[in-house]
Number of protein chains: 2
Amino acid sequence: MPTRKQEKVVSLKEITVACQECSLNEICLPVGIDKNDMEQLDAIIDRKRPLARGDHLFKVGDRFRALYAVRSGSLKTFATSEDGQEQVMGFQLPGELVGLDAIAHNNHPLTARALETTSVCEIPFDQLEALSTQLPDLQRQMLRVMSQEIHDDEQSMLALGQRSAEERLAAFLISLSNRYRRRGFSSTQFNLTMSRGDIGNYLGLALETVSRLFTRFQNEGLLKVERRHIELLDRDRLCQFSSANCDADNPVSRT
Amino acid sequence: MPTRKQEKVVSLKEITVACQECSLNEICLPVGIDKNDMEQLDAIIDRKRPLARGDHLFKVGDRFRALYAVRSGSLKTFATSEDGQEQVMGFQLPGELVGLDAIAHNNHPLTARALETTSVCEIPFDQLEALSTQLPDLQRQMLRVMSQEIHDDEQSMLALGQRSAEERLAAFLISLSNRYRRRGFSSTQFNLTMSRGDIGNYLGLALETVSRLFTRFQNEGLLKVERRHIELLDRDRLCQFSSANCDADNPVSRT
DNA sequence: CGATGACTTGACTGCTGTCAACGTGCGTGG
DNA sequence: CCACGCACGTTGACAGCAGTCAAGTCATCG
């Protein structure tokens with residue numbers, strides 16, 4: 001570490017990047033908002049100290065106060081059934097918003113937990129709402145983001161409802177690949193920040209099934225996997241396996 | 001504009017009910033909007049001639065122009081895979097909005113088809129957006145509705161991901177029951193407007209499985225089923241079967 | 001009255017879950 | 001530095017839930 005920290009608040013100031021300079025501002029909430037307006041949005045955003053792996057951003061039942069945008073790292077969101085079982089509902093990468101499902105009832109139906117060291121931008125919802133009435137572009141973007149979330153959830157439902165285990169895992173990997181690419185990372189090599197259990201849980205599969213599929217995909221030359229490091233060797237064939245429209249998941253082209 | 005269309009479509013005028021007088025205005029888009037504002041909302045809404053069973057409200061790929069609120073009847077929304085297979089994503093009852101997933105990309109990712117004679121209110125989206133900037137309550141309600149949709153989709157994902165066939169069907173029936181009750185219909189007797197195939201498709205089950213489960217539920221005294229007519233005899237036990245928090249689906253209590 | 005579509009029921013199969021044992025990497029502490 | 005424990009991951013054996021295929025029943029409609 002470069003040890004720039006001079007005092008305590010200053011160090012926080014340094015890792016703080018305003019929306020205007022944030023590399024994610026083209027895929028995050030500020031999409032479609034002009035520079036001046038972005039300053040106003042920036043002003044209501046609170047950058048918190050990073051979460052450590054395993055920390056909770058919020059828990060089921062917590063009062064809803066703010067939305068969160070992932071700045072770096074990753075999260076998983078999950079519901080907990082009465083017997084303590086988790087159901088993973090999604091994984092959030094940088095630029096993605098968390099907590100949208102809490103607006104309706106003013107409390108969080110899911111828990112969000114950091115999968116690794118993760119920093120987020122906190123966006124107080126009442127201020128966001130107030131600002132939206134003044135900035136039509138912001139209002140529009142909010143609706144877009146929520147619509148996209150609905151669309152993504154529908155894609156997940158589709159996968160869970162009528163795809164085989166192999167199709168689900170292939171689609172999951174392609175989706176991750178697309179999301180990493182969009183963020184400027186490699187689309188063919190990346191590290192999974194979630195466990196096999198989390199993946200299986202999310203995809204509605206037993207973790208053993210996920211493990212077996214990774215082995216099989218590797219034997220078939222589709223990818224190379226070593227613990228959590230993934231290298232996609234034959235992305236096209238993997239795409240076919242997923243029997244999903246692989247480009248549809250990836251609206252980057254619309255920019 | 002107080003100009004109710006005077007000539008032209010007299011028959012339509014008769015079936016037209018303004019939001020202010022609509023029995024659904026407490027569960028539909030106008031929730032939380034005061035009388036004056038409701039008039040403005042009402043003014044942009046277009047009431048179309050009813051759809052016949054099997055008619056499409058919109059199809060996959062159609063340009064997104066408007067949201068729709070079901071006024072009477074019911075719809076199903078579904079995606080179509082390249083080989084022509086349907087995947088049912090949901091069923092819409094009176095008071096529910098359709099098309100929210102289309103905002104992000106300006107075209108409809110799903111097809112919506114009437115399951116019976118169905119009338120809808122068409123809400124042109126650009127006008128709705130413009131109006132929302134003037135009516136904070138409307139903006140808030142839009143966000144609430146979309147958040148609720150996200151939440152509902154998450155519940156569906158949960159069911160598809162880790163529930164048995166029996167749990168899924170039980171949860172589906174309870175959900176229908178709750179939704180009918182909220183609309184002032186009986187929560188213990190109703191007609192299914194969708195086929196066994198649709199139900200199975202929606203729940204990620206073969207239609208034969210759905211059929212067998214109906215038979216089994218009936219043999220166990222949980223319900224009485226005759227073709228599409230359902231009578232729930234032991235709602236509590238059905239609730240337990242569904243291993244879902246049956247009240248959570250039913251936010252009617254919040255009113 | 002036959003055709004059609006929706007639904008039911010039965011027989012069989014197979015995908016995937018469960019249970020269980022084992023391997024592997026990593027951090028901790030002696 | 002090594003031993004150990006622990007979490008995570010892999011692999012195998014087996015079973016069962018639900019899918020598929022197929023035949024048969026029922027209601028509706030032309």
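Computed from a predicted model, the values in this text were never measured in an experiment.
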d([atom1], [X]; [atom2], [N]) in whole Å:
X        : N      : atom1 : atom2 : value
B/Met194 : C/dA6  : CE    : C1'   : 15 Å
B/His229 : C/dA6  : NE2   : C1'   : 18 Å
A/Leu160 : C/dG17 : CG    : P     : 12 Å
B/Asn191 : C/dC7  : CG    : P     : 12 Å
A/Leu169 : C/dC15 : CG    : C1'   : 16 Å
B/Gln162 : C/dT18 : CD    : C1'   : 15 Å

Charged N to carboxylate O under 4.0 angstrom, [X] versus [Y]?
X        : Y        : answer
B/Lys48  : B/Glu122 : yes
B/Glu220 : B/Arg216 : yes
A/Arg183 : A/Glu96  : yes

Taking the ring of A/Tyr202 and the ring of A/Phe78, is the distance between their centroids below 6.0 Å?
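No, the ring centres sit 6.0 Å or more apart.
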
Could you check whether [X] gets within reach of a base, just the sugar-phosphate, or nothing at all, counting any heavy atom under 4.0 Å?
X        : value
A/Ala206 : base
B/Arg168 : nothing
A/Arg216 : nothing
A/Gly200 : nothing

Do side-chain atoms of B/Asp153 reach the backbone of B/Ile150 as a donor and acceptor pair under 3.5 angstrom?
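Side chain of B/Asp153 to backbone of B/Ile150, a donor-acceptor pair under 3.5 Å: no, none is there.
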
List the residues meeting ring pair (Phe, Tyr, Trp, His ring centres under 6.0 Å) with B/Tyr180, not counting sequence neighbours, and say none if there are none.
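Counting only residues at least two positions away or on another chain, B/Tyr180 forms a ring pair (Phe, Tyr, Trp, His ring centres under 6.0 Å) with B/Phe190.
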
Parallel, tilted or perpendicular, as decided by the 30° and 60° cut-offs, for the rings of B/Phe58 and B/His108:
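Answer is parallel, since the angle falls under 30°.
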
So, for A/Gln218 and A/Lys224, which heavy atoms are closest and what is the spacing to 0.1 Å?
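Residues A/Gln218 and A/Lys224, closest heavy atoms: OE1-CA, 3.5 Å.
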
Are more than 12 heavy atoms, taken from residues, nucleotides or ligands other than A/Arg228, located less than 6.0 Å from that residue's CZ atom?
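Yes, the 6.0 Å shell around CZ holds more than 12 heavy atoms from other groups.
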
What does the list of N/O pairs under 3.5 Å between the protein and nucleotides 8-14 of chain C look like, with a distance for each?
unit_1 : atom_1 : unit_2   : atom_2 : d
C/dT8  : OP1    : B/Arg196 : NH2    : 3.3
C/dT8  : OP2    : B/Arg196 : NE     : 3.0
C/dT8  : OP2    : B/Ser211 : OG     : 2.6
C/dT8  : O5'    : B/Ser211 : OG     : 3.0
C/dT9  : OP2    : B/Thr215 : OG1    : 2.7
C/dG10 : N7     : B/Arg212 : NH1    : 2.8
C/dG10 : O6     : B/Arg212 : NH2    : 3.3

Could you tell me from which nucleotide to which nucleotide of DNA chain D, 5' to 3', there is an atom under 4.0 Å from chain B heavy atoms?
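First and last nucleotides in contact are D/dA18 to D/dA27.
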
